[in-house]
Amino acid sequence: MQATADSTKMDCVWSNWKSQAIDLLYWRDIKQTGIVFGSCLLLLFSLTQFSVVSVVAYLALATLSATISFRIYKSVLQAVQKTDEGHPFKAYLELEITLSQEQIQKYTDCLQFYVNNTLKELRRLFLVQDLVDSLKFAVLMWLLTYVGALFNGLTLLLMAVVSMFTLPVVYVKHQAQIDQYLGLVRTHINAVVAKIQAKIPGAKRHTE
């Protein structure tokens, strides 16, 4: 019963995150997506020019400059107008931001679930449980050596973020044409894989 409850909890958490991510990536709330996308780009561009320590320090200074300036402005305004509105950030200071034990446990369980699945998959690939899958993984790693020689990690991350916020929208607008080309590519790849499997003794045959 406990395992079933944990599984249901993980499904609910994943469903909630997935729904929020889809709303962001498909620009269903343009303002919210624009803020997230712009913030990510600004952060990544900053990291290409400065160290992580410098970026964190500059962000903290910029935030403090804004909040301190606003606090002084409101204090002067209250003194001039002789009002008693109190601290301008009082509502935010009184917000409860601590995580409950249940929330911590929920996110810990979710992280543990994905870490365990990743470790199992890596063990399966590196110990060659399925020869064809391990060969595919080896080809992917070999291709990544060339990608790594051309781009650094930050550049790849920047490209990934831009792709995440642009490709889903492009796919929705041109879904029929893209599906047609992807179908042709998938058919060609499956044919090549089938030929390789036929020549490798003991290779597991996949049916797709």
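Panel note: side chain Thr145, backbone Trp142; a donor-acceptor pair is recorded below 3.5 Å. When atom types are taken as modelled, the side chain of Thr67 and the backbone of Leu64 share a donor-acceptor pair closer than 3.5 angstrom. With hydrogens and angles ignored, the 3.5 Å screen pairs no side-chain donor or acceptor of Ser134 with any backbone N or O of Leu131.
A distance of 11.5 Å separates CD1 in Ile178 from NZ in Lys173, rounded to the nearest 0.5 Å. Residue Trp27 holds its CH2 atom at 11.5 Å from CD of Gln32, rounded to the nearest 0.5 Å. Rounding to the nearest 0.5 Å gives a distance of 12.0 Å between CG of Leu42 and CZ of Phe37. Summarising the geometry, atom OG1 belonging to Thr108 is positioned 8.5 Å from atom CD belonging to Gln101; distances are rounded to the nearest 0.5 Å. Separation of atoms CZ (Phe151) and CG (Leu144) is listed at 12.0 Å; rounding is to 0.5 Å.
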Given side chain to side chain contact (heavy atoms under 4.5 Å, CB included), test Tyr73 with Leu77 step by step and report yes or no.
CA-CA 6 Å; Tyr73 166 75; Leu77 192 63; 4.0 Å; yes
Assess the residue pair Leu184 and His188 against the criterion (side chain to side chain contact (heavy atoms under 4.5 Å, CB included)); give the C-alpha distance rounded to whole Å, side-chain angles, the decisive distance to 0.1 Å, and a yes or no.
CA-CA 6 Å; Leu184 294 174; His188 181 69; over 6 Å; no
Using the side chain to side chain contact (heavy atoms under 4.5 Å, CB included) rule, take Lys136 and Leu125 through it: C-alpha gap first, then chi angles, then the decisive distance, then the call.
CA-CA 9 Å; Lys136 289 179 183 178; Leu125 291 170; over 6 Å; no
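The shortest side-chain heavy-atom distance between Leu135 and Val139 does not fall under the 4.5 Å cut-off. Using a 4.5 Å heavy-atom cutoff, the side chains of Leu44 and Leu157 are in contact. Proximity of Phe45 to Leu158: side-chain heavy atoms (C-beta onward) are separated by under 4.5 Å at one or more points. Tyr58 has its side chain out of reach of Ser46: every pair of non-hydrogen atoms, C-beta onward, lies at least 4.5 Å apart. In this structure the side chain of Arg71 reaches within 4.5 angstrom of the side chain of His87, judged on heavy atoms. Looking at heavy atoms from C-beta onward, Gln49 lies out of side-chain contact with Val55 at the 4.5 angstrom threshold. Two residues are said to be in side-chain contact when any heavy atoms from C-beta on lie closer than 4.5 Å; Leu41 and Val162 meet this criterion.
In this model, a donor atom of one side chain and an acceptor atom of the other lie less than 3.5 Å apart for Thr155 and Asn152. Inspection of the Asp109 and Gln105 side chains reveals an N or O donor paired with an N or O acceptor under 3.5 Å.
Nearest approach of Pro168 to Ser163, heavy atoms of both residues: CD-O, 3.5 Å. Across every non-hydrogen atom of Thr33 and Arg28, the tightest pair is OG1-N, 4.5 Å. Taking every heavy atom of both residues into account, Tyr26 and Val172 meet most closely at CE2-CG2, 3.1 Å. Closest non-hydrogen pair, Ser54 versus Phe50, comes out as CB-CB, 3.9 Å.
Counting heavy-atom neighbours within 6.0 Å of Phe89 CZ, excluding the residue itself, gives a total above 12. Around CG of Leu119, the count of heavy atoms belonging to other residues, nucleotides or ligands within 6.0 Å exceeds 12.
With sequence neighbours excluded, no residue forms a side chain to side chain donor-acceptor pair (under 3.5 Å) with His174.
Residues Ile35 and Phe165 do not share a hydrophobic cluster, defined by chaining ILVMFWY side chains whose heavy atoms lie under 4.5 Å apart.
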